[in-house]
Amino acid sequence: MPELRKKYPFDKIEPKWQRYWAEHKTFAPRDDSAGKKLYVLDMFPYPSGAGLHVGHPEGYTATDIYSRFQRMRGCNVLHPMGWDAFGLPAEQYAIDTGTHPSITTRKNIDNFRRQIQMLGLSYDWDREVDTTDPGYYKWTQWIFLQLFNSYYDPELEKAQPIALLQDALAETPQRQDEWKDNPFLAGTRKGFFGKSEVGARDLVRQLFIPKMRLAYESEVPVWWCEGCKAVLANEEVNADGTCDRKGHKEVYRRPLRQWILRITKYADRLLKDLELVDWPESIKEQQRNWIGRSEGAEVDFKTEAGDRLRIFTTRPDTLFGATYMVLAPEHSLVEKVTPAQQRAAVDAYRTNAATKSELERTQLEKEKTGVFTGGYAINPVNNEKIPIWVADYVMMGYGTGAIMAVPAHDTRDFEFAKKFGLEIRTVVQSPAGIDPQGFTGDGTSVNSGPITGLPTPEAKKKITAWLEEKKLGKPTVQYKLRDWLFSRQRYWGEPIPIVHCPEHGAVAVPERELPLQLPEMKDYTPAGNAEPPLAKATDWVNTKCPQCDAPATRETNTMPQWAGSCWYFLRYIDPHNDQAFVAKEKEKYWMPVDLYIGGAEHAVLHLLYSRFWHKVLFDLGHVSTPEPFMKLVNQGMILGEDNQKMSKSRGGSNVITPDDVVRDYGADALRMYEMFMGPLEATKPWNTQGLEGVYRFLGRVWRLYCNEDGTLILDDSEPSAALLKALHQTIKKVGEDTDTLAFNTAISQMMIFVNEVTAQEKRPRKLLEPFVLALAPYAPHLAEELWEKLGHKQTLAYEPWPAFDEALLKEDTVTIILQVNGKLRDRLDVPAQISREDLEKIALANERVQEHLAGKQIKKIIVVPGKLVNIAAS
RNA sequence: GCCCGGGUGGCGGAACGGCAGACGCAUCGGACUUAAAAUCCGAAGGUGAGUUAAAUCACCGUGUGGGUUCGAAUCCCUCCCCGGGCACCA
């Protein structure tokens, strides 16, 4: 905006009040207040070098308005901000320039803080957290050790200290009292000592116990991105096989030793506890899909050679329709079932499948492929011999890596069978008019021995019970959710606090040695051979075993960026505590988070991972709630004026920066405009003229109270009844709408009020003083300034929200609409108390109504008191 | 392909099953001004009738087609389009 006279002195007012709030620590809540506690949280940002984007203030303003409003309603509000500061860009910059990532990070944080503070958000800045601060990541490491030192007890269905398991398997247990009533531990001990010989027990302990930990090591094929020189998590690989971070194309699997978190043990609870939270249904649905629970049965087929071939199916009722089997190319039985004459073809297929990139396997590969192994399996329900195929449409990672194919009732099997000329046998009767071949819905079993004639759900139950009785199968639940690949081959992340000892294996760094800090380094480049950069810091790597003091080496993998954000909301509660990650009583007071606002891009991962960590901490007694976030709202995206995503790569022409907007229009205008654009959850385009409209409104408010020179012009006249009513309507609507986050309509109501008062000569203080309070959550700087001009010496942040008088809102007369056959024909003002009968009489006597009733017969008269009369006639 | 959202003026959007289009933008007209900006006041869904101009009136209108209802933007079904997510998960 070029040299335009400001409509009101926001450039003086805003810095003034921001200084006041900071100096008075206005927004510091108390940990022991009598008021109702309220924890209002924003998803903390990654402080990128690009700075704040207009999308950020949208969510921040929403939580800020809500927080300010609730403070005025007497709530004790915790509203903090911090930085999710580990991340690749700072490390990449370090590789390119040698600048330590902490320097880049600090600089970016300073810039983000400056930008956020410029918006006048009511954070308690004394609680700021930074995930890269050793004082913070000390506790991230501590939580990792909680996971490492726990196992999931299948009987108790919760995490338990691994020490109990170790004790239960010890030659001379010390803590029997603690586990003798635990069926899992007592049972495990019984089985262990029953089977293993003394000499073998140590070996079994060494192998078994580490695998039971919630954080465990495993050699797994992982996604390696050649471009990033880093391992990617499953969720960082796009469906088309490219890298989700930078779009690199060379992404393939390679085996690597990795730290894994056993999130799958929590699959059921993560699914079930979604019922406890007030989240958008779409987010819940995405989490449910991600967890991907499906109930079915494992069924044991036999190969001709007599090997057990176990499959998973969700449709055991279609067992009689199985006409072939499919093994994943990686399945261990493939070799065994393949006779010599088929070996060449099968090997060729498997090699080909292994080298195929994910891109080819999912995108280009629409046609099904596979080869016949030459081997056969026996169907346990009818002893029929059916061929075994290998095909890559069956994946090793899900179920058992093998299926029974029922082409008549499974789309994939159907396609495959048609292509290779395999038998398609109908065993489910479809509803009339639908082809049973390829019918995948529920119907009635046919040609299925004992379950013939049963509807699908019952058929499933009966056949599963039969299988179980014959020890041929059992009901099973499968999940799509995989364990969480937790390690990264990167420098700029939390070091994993583990020491590798030749004698004792992976040993936890003792708690008193935390934080385990990152070493200083000169060179941050990865070796490129999957050795993390930390491996080069030999002084740091070489250490002693915490258990036996023998030479040992430190873990050189670091944690992923998700780690710090899994629990930051807990640290805000007690950010400077160096004895605990959060003090128990404070956690109990503040948790759970009452309102959490952020982008929908975190619908699955961040929210699922935080929930998982939270449940582990809950099981171990460190936190008091099973779920961390009670109400969740996703703010919508803000598009550029061209209706496109704002992006620098588009030449930056459509990017609006908060700095420019605040400079030209002020923070209050930016805040209000972002809220006025439309519903919080909606995606909506930026429009600078719209911003100016809101800015004009703030100017109108200013002029309502002040002269050109800023002197107050209010008077002590009695406001008219009409204006008093307008004020009370406004207070009511703004209160209700703010409470339900309907900020756009709250602002409309304030505009209506200001328009009405502007039209009057008088400026009654009785009207305009309460209005300042209603405006305050939205335009806090302007409101504080006016409040001060009105003679108040203290911030209005804790002034009680103005009450509205219901009696003033009552209408003496109401406008009634008259309809004939549902069409509006006239409207008239009548006393509010009018009786139905009178209303009906008036309506029938109405001239316009009479016109439209001419020549018609009245069939029915609907009277809605206070609203309308509708006459149905024909 | 499947699962979520969503389609309302020129634009952003309002509207407990009961006056469609609040509020804002853009537009047009007026006041103020030498003039402009700023500000203030006012008009405005479309089509047609009416009239010097109005007032006024009728019909049509919430993606499409159907249904429920005295009455549907709102509830139910069909289809179309847009946005987001998942994608051989057995």
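Source: prediction; values computed, not measured. Naming: A, B, ... by sequence-line order, numbering from 1 per chain.
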Atom-pair distance ([atom1] on [X]; [atom2] on [N]), nearest Å:
X	N	atom1	atom2	value
Lys860(A)	G71(B)	NZ	P	9 Å
Leu824(A)	C59(B)	CG	C1'	14 Å
Lys6(A)	A37(B)	NZ	P	20 Å
Gln749(A)	A15(B)	CD	P	12 Å
Gln760(A)	C41(B)	CD	C1'	14 Å
Tyr665(A)	C25(B)	OH	C1'	13 Å
Lys460(A)	A90(B)	NZ	P	10 Å
Phe676(A)	G24(B)	CZ	P	7 Å

Whole-angstrom distance between [N] and [M], as gauged at atom [atom1]:
N	M	atom1	value
C88(B)	C2(B)	C1'	12 Å
C3(B)	C77(B)	P	13 Å
G10(B)	G46(B)	P	8 Å
A36(B)	U27(B)	P	16 Å
C75(B)	A14(B)	P	15 Å
C76(B)	A72(B)	C1'	11 Å
C11(B)	A26(B)	C1'	7 Å
C23(B)	A44(B)	C1'	16 Å

Of all the choices, [options], which nucleotide is nearest to the side chain of [X] once you look at every atom?
X	options	answer
Gln689(A)	A90(B), C25(B), A22(B)	C25(B)
Lys867(A)	A22(B), G18(B), A26(B)	G18(B)
Arg848(A)	C3(B), A58(B), C19(B)	A58(B)
Ile817(A)	G12(B), A22(B), G18(B)	G18(B)
Ala872(A)	C88(B), C70(B), C19(B)	C70(B)

Are the side chain of [X] and the backbone of [Y] linked by a donor-acceptor contact shorter than 3.5 Å?
X	Y	answer
Gln850(A)	Leu844(A)	yes
Thr688(A)	Trp686(A)	no
Tyr324(A)	Asp413(A)	yes

Check: Is the charged tip of Arg696(A) near the ring of Trp702(A): under 6.0 Å from the six-membered ring centre and within 45° of its axis?
Finding: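 No, Arg696(A) does not lie over the aromatic ring of Trp702(A).
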Notebook entry, point to check: Has the side chain of Lys368(A) got a donor or acceptor atom sitting under 3.5 Å from an opposite partner on the base of C88(B)?
Noted result: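 Side chain to base: pair present.
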Check: Does any N or O donor sit under 3.5 Å from an N or O acceptor when you compare the side chain of Glu285(A) with the base of G85(B)?
Finding: no
With a 4.5 Å cut-off on side-chain heavy atoms, are [Y] and [X] touching?
X	Y	value
Tyr665(A)	Leu698(A)	no
Tyr8(A)	Tyr695(A)	yes
Thr314(A)	Glu295(A)	no

Does a side-chain N or O of [X] approach OP1 or OP2 of [N] to a distance below 4.0 Å, or not?
X	N	answer
Thr745(A)	G13(B)	no
Lys7(A)	U39(B)	yes
His409(A)	A90(B)	no
Arg825(A)	C57(B)	no
Arg696(A)	C25(B)	yes
Asn870(A)	G18(B)	no

Next item on the list: Find which nucleotide of RNA chain B each of Ala759(A) and Ile283(A) is nearest to by heavy atoms, and output the residue with the more 5' nucleotide.
Entry: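 The answer here is Ile283(A).
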Notebook entry, point to check: Want to settle it: does Arg703(A) or Thr314(A) sit nearer the 5' end of RNA chain B, counting the closest nucleotide to each?
Noted result: Arg703(A)
Paired with [N] by Watson-Crick or G-U wobble geometry, both distances under 3.5 Å: which nucleotide is it?
N	value
U74(B)	none
G1(B)	C86(B)
A20(B)	none
U33(B)	none
A15(B)	none
A43(B)	U27(B)

Base, sugar-phosphate alone, or nothing: which one does [X] contact when heavy atoms must sit under 4.0 Å apart?
X	answer
Lys823(A)	sugar-phosphate
Pro280(A)	nothing
Ile862(A)	base
Arg293(A)	nothing
Ser282(A)	sugar-phosphate
Thr411(A)	nothing
Asn755(A)	sugar-phosphate
Arg288(A)	nothing

Notebook entry, point to check: Going through the distances and angles, do Tyr393(A) and Phe416(A) end up as a ring pair (Phe, Tyr, Trp, His ring centres under 6.0 Å)?
Noted result: CA-CA 9 Å; Tyr393(A) 80 90; Phe416(A) 191 83; 5.2 Å; yes
Notebook entry, point to check: Taking the chi torsion of G9(B), is it syn (within 90° of 0) or anti (everything else)?
Noted result: syn
Check: Is a side-chain donor-acceptor pair under 3.5 Å present for Asn846(A) with Arg825(A)?
Finding: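 Side chains of Arg825(A) and Asn846(A): no pair found under 3.5 Å.
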